[in-house]
Each structure stands twice: as structure tokens, then as C-alpha cells.
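This chain uses plain numbering: 1 for the first residue, then up along the sequence. Owing to the predicted nature of the structure, the values given are computational and were not obtained by experimental measurement. Each ligand, and each atom within it, is numbered from 1 in the order the structure gives. FYI, side chains are in, hydrogens and waters are out, and symmetry mates aren't considered; it's all heavy atoms of this structure.
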Amino acid sequence: MNVTHLHCSACGKHYEARRLHNLCECGKPLLTAYDLEAASQTLTKDSLKSREKTLWRYREVLPLDDDRNRICLGEGMTPLLKAERLGAQLGLTNLYIKDESLNPTASFKARGMAVAISMAKELGVEKLAVPSAGNAAGALAAYAAKAGLPAFIFMPQDTPLANIIECQQMGAHVTLIDGLITDCGKIVAERKTAEGWFDVSTLKEPYRLEGKKTMGYELAEQFDWQLPEVILYPTGGGTGLIGMWKAFDEMEKMGWIDGKRPRMISVQAEGCAPIVKAFAAGANTGVDIPDAHTVASGLRVPKAVGDFIMLDILRQSGGNGFAIPDAELLAAVKEIAAAEGIFVAPEGGACLPALQQMIANNEVDQDERVVIFNTGSGLKYLECFGEVAR
Ligand SMILES: *Cc1c(COP(=O)(O)O)cnc(C)c1O
Ligand SMILES: [Zn+2]
């Protein structure tokens, strides 16, 4: 709507708006730029008070031109819940959970796919494809179904059963691969030209990021335009982390918030922690993970195309990274669920042991506002929780 152009996150090259784009010719992700002055004529803090309770409330800073192309299942504007009991157990007075499991298809992948598939429809795409370790596939299947477009989905064989079944039920073409998400990505890359697929992999098209950035707008709005001090984010491909940072920047340019930023904390699984390890090593790109493994399938991303952007954000924000063993992140699901009534995904669970380490290291003050992102629902991961005694 107010998009002026796209530009490369690495080399800065400009690209025209209203055209289909994947990566920059240099191989790095493209970012969407807006005329924020024009956007802020109608998108004001006051106008938000009466807008719809979906991410489309931030319409002026989303890329779609024509509302008739909007594919909406009610995504966004998820609750920011104060975690009183869990907070008390940890000695924190201002702990919050942003509960993304209430999105369509029960994960925050809905935000990205809603905007990406709407844009794909607007720009005339006929077939969609994605490699996914789980929730991105479910979200693509849902939005493609709603858009009436075919979806070709490649998932590792050990993807949670719920993701496989939901994709099949939503009419997607599902192929299971004996390998990692990176292997699935290679198949999509090799076949997409011949098959006429548009690749909606994380950060390989520019608009999933735009959908995910709305988490940053919502946090600001829900905290009455005072960003929290700490955000713990379970990090895979990093769209949420990068998107929220972009949203903070846009809001500052529109004069909505000041220059203070939350400390951004990347939480990964010990079996796949390329960003956390690279951060600790002072590196600018992700560490190679040859045998990535974790039950938290959303974190099973051994090589992220936006790794350098994430590392930059962690450093700029004074943040940190933590790698959590599977046994601990699964145990944390029960702790959060039993204290707060939210059956979090293992990815969301991983934030709790990370926060406990921060508290032990004196990296967080007891009155600071700390936000844990629960990025999905535990209901999608039932096989991770072991046998049920009947
Ligand atoms: C995809 C996913 C993640 C990782 O998200 P990114 O924004 O790509 O880093 C975390 N949790 C869940 C449940 C996911 O599905
Ligand atoms: Zn470039």
C-alpha cells in the first residue's frame, strides 16, 4: 500500500515494489521499505483503538495493495498474558507470555503466511511450495486452501504427526523426506522453475517477514507504547526476531516509540543452536550444524539465510543466546502449563530454562518487563510427551 521499494539486507541493492521477488541476486534476504510518513497519516495510535482484532489493523504498514486479495483467517492480535504465578516462582514481578498459539493453525507461522499468500495472490502466483519442519507447512496449507491455490510441501519424515495430517486434510501435496529441512529446501530450489512453484521459504520471499513484524507492533500497543526490557524468542529461521526489530524501527520513525530497545534473547535447542553458538563465538554468520536434532521442530533450522541479521540484532540490543537441551525444554512445557494454563509448544517451553539461566547470571532485574514468546501449541507435538498411563 505504502511500499516504496525493496532493498537487500546485505548489499543494499534496490528492487521494484509490486513484482515477485525471492532473494537478492547476492543471495541474501530482501526487506520491504514504506513511505512511513504517508502511512502515519491514517495509521495512528488513536485510530488503532477501533480497528479489527487481526494483524490487518496495521494495514498501512503491510505490503498488500488491494484488499480484495487479502487472505485472512483471523491471524494476529494474540493475548499478552501476565504470568503471575510463574513470575512469582521465578521472583519476577512483570513476566508476560505472548501467546501465539491462538493464531489460526495454532502457531505464529499464520502471521507470515497470511501476508505472503495474500501478496502471492495479488502478484499472480499460481502454485506455492515450501520446505518446512512443521508449522510453516500447516500455515501454508491453510492459507493456500483459503486462496484456492495448490501448495506443494516438503517435510522431514520426523515432522510432528499433527503437521503432516493437517496439511493432508487441507488438500496440500505433501512429500515426506528422509533428511533435514535444508534437504527439503534443496528439493524445492531444484524443482521450482520446472514446476512453476513460487518458493515461500523463510526469508526467501520478502512478505512472511512483514506478517511476522506485526508481533512487534502488537507488543508496543499492548504495553501502551513502552517496549518491554527483555524479549525471549525461540529462534529458527529468525523471521520473528528480524521482523520485530524492523517494526520497532518503523514505529520509531513514525514517532510512536523512543530509541530504547528490548534486550533480544535468542533461545535455541542444544541439538541445533547455530545462532547461539555463533553469538558466543563472536561470529557474524551461523555455525554449521551437521546433525541437527531436537523435538522442537520449529528450532530445527541448521542454516538460516538471515543469520547475519539476527546476530547483529542480538549484539545491537545487548541481548544474548541460550541453547537448551530437549529434556529441559520439554520439562519446562509442564512447568509453564501447570502454572499458567497455557499448553505451550516445546519451542515456547525452551524460553523458561533460558530465563532461569538469565536470573542465575543476574542478567535480569526482578521488576523488568520480560516477555516469553509462546510461538505455538503443545497440541501439535503430542508424541513428544511420551506414553500416557491409562
Ligand atoms: C517456526 C517456529 C519457530 C521459529 O520461528 P522463526 O521466526 O523462523 O525463528 C519457533 N517456534 C515455533 C512453534 C515455530 O513453528
Ligand atoms: Zn544483495
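- A salt bridge between Arg111 and Glu218 is present, with a side-chain N of the basic residue lying under 4.0 Å from a carboxylate O of the acidic one.
- For the residue pair Thr93 and Asp367, a side-chain donor N or O sits within less than 3.5 Å of a side-chain acceptor on the partner.
- Partner of Asn135 under the side chain to side chain donor-acceptor pair (under 3.5 Å) criterion, chosen from Thr105, Asn163, Asn103: Asn163.
- Tally of protein N, O or S atoms closer to the Zn ion (ligand 2) than 2.8 Å: 4.
- Under the 30°/60° scheme for interplanar angles, the aromatic rings of Tyr58 and Tyr217 are found to be tilted.
- Checked against Phe248 for a side-chain contact (heavy atoms from CB on, under 4.5 Å), the options Lys213, Met264, Lys260 give a single hit: Met264.
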Without placing hydrogens or testing angles, list every side-chain donor-acceptor pair under 3.5 Å for residues 177-193, not counting sequence neighbours.
{"from": "Asp183", "atom 1": "OD2", "to": "Leu180", "atom 2": "N", "distance (Å)": "2.7"}
{"from": "Arg191", "atom 1": "NE", "to": "Glu195", "atom 2": "OE2", "distance (Å)": "3.4"}
{"from": "Arg191", "atom 1": "NH2", "to": "Glu195", "atom 2": "OE2", "distance (Å)": "2.9"}

Starting from the N and O atoms of ligand 1, find every protein N or O within less than 3.5 Å and list the pair with its distance.
{"from": "ligand 1", "atom 1": "7 (O)", "to": "Lys212", "atom 2": "NZ", "distance (Å)": "3.0"}
{"from": "ligand 1", "atom 1": "7 (O)", "to": "Tyr233", "atom 2": "OH", "distance (Å)": "2.5"}
{"from": "ligand 1", "atom 1": "7 (O)", "to": "Thr239", "atom 2": "N", "distance (Å)": "3.2"}
{"from": "ligand 1", "atom 1": "7 (O)", "to": "Thr239", "atom 2": "OG1", "distance (Å)": "3.0"}
{"from": "ligand 1", "atom 1": "7 (O)", "to": "Gly240", "atom 2": "N", "distance (Å)": "3.0"}
{"from": "ligand 1", "atom 1": "8 (O)", "to": "Gly237", "atom 2": "N", "distance (Å)": "3.1"}
{"from": "ligand 1", "atom 1": "8 (O)", "to": "Gly238", "atom 2": "N", "distance (Å)": "3.2"}
{"from": "ligand 1", "atom 1": "9 (O)", "to": "Gly236", "atom 2": "N", "distance (Å)": "2.7"}
{"from": "ligand 1", "atom 1": "9 (O)", "to": "Gly237", "atom 2": "N", "distance (Å)": "3.3"}
{"from": "ligand 1", "atom 1": "9 (O)", "to": "Gly238", "atom 2": "N", "distance (Å)": "2.6"}
{"from": "ligand 1", "atom 1": "11 (N)", "to": "Thr375", "atom 2": "OG1", "distance (Å)": "2.7"}
{"from": "ligand 1", "atom 1": "15 (O)", "to": "Lys109", "atom 2": "NZ", "distance (Å)": "2.8"}
{"from": "ligand 1", "atom 1": "15 (O)", "to": "Asn135", "atom 2": "ND2", "distance (Å)": "2.9"}

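- Legend: side-chain hydrogen bond (donor to acceptor under 3.5 Å, both in side chains) pairs involving residues 223-248, not counting sequence neighbours, sorted by first then second residue: Glu210-Lys246, Lys212-Thr239, Glu229-Arg369, Thr235-Ser266, Lys246-Glu250.
- Hydrophobic clustering keeps Val305 apart from Leu20 (ILVMFWY residues linked when any side-chain heavy atoms are closer than 4.5 Å, directly or through intermediates).
- Checking each of Thr294, Asp158, Thr159 against Arg300 for a side chain to side chain donor-acceptor pair (under 3.5 Å) leaves exactly one that passes, namely Asp158.
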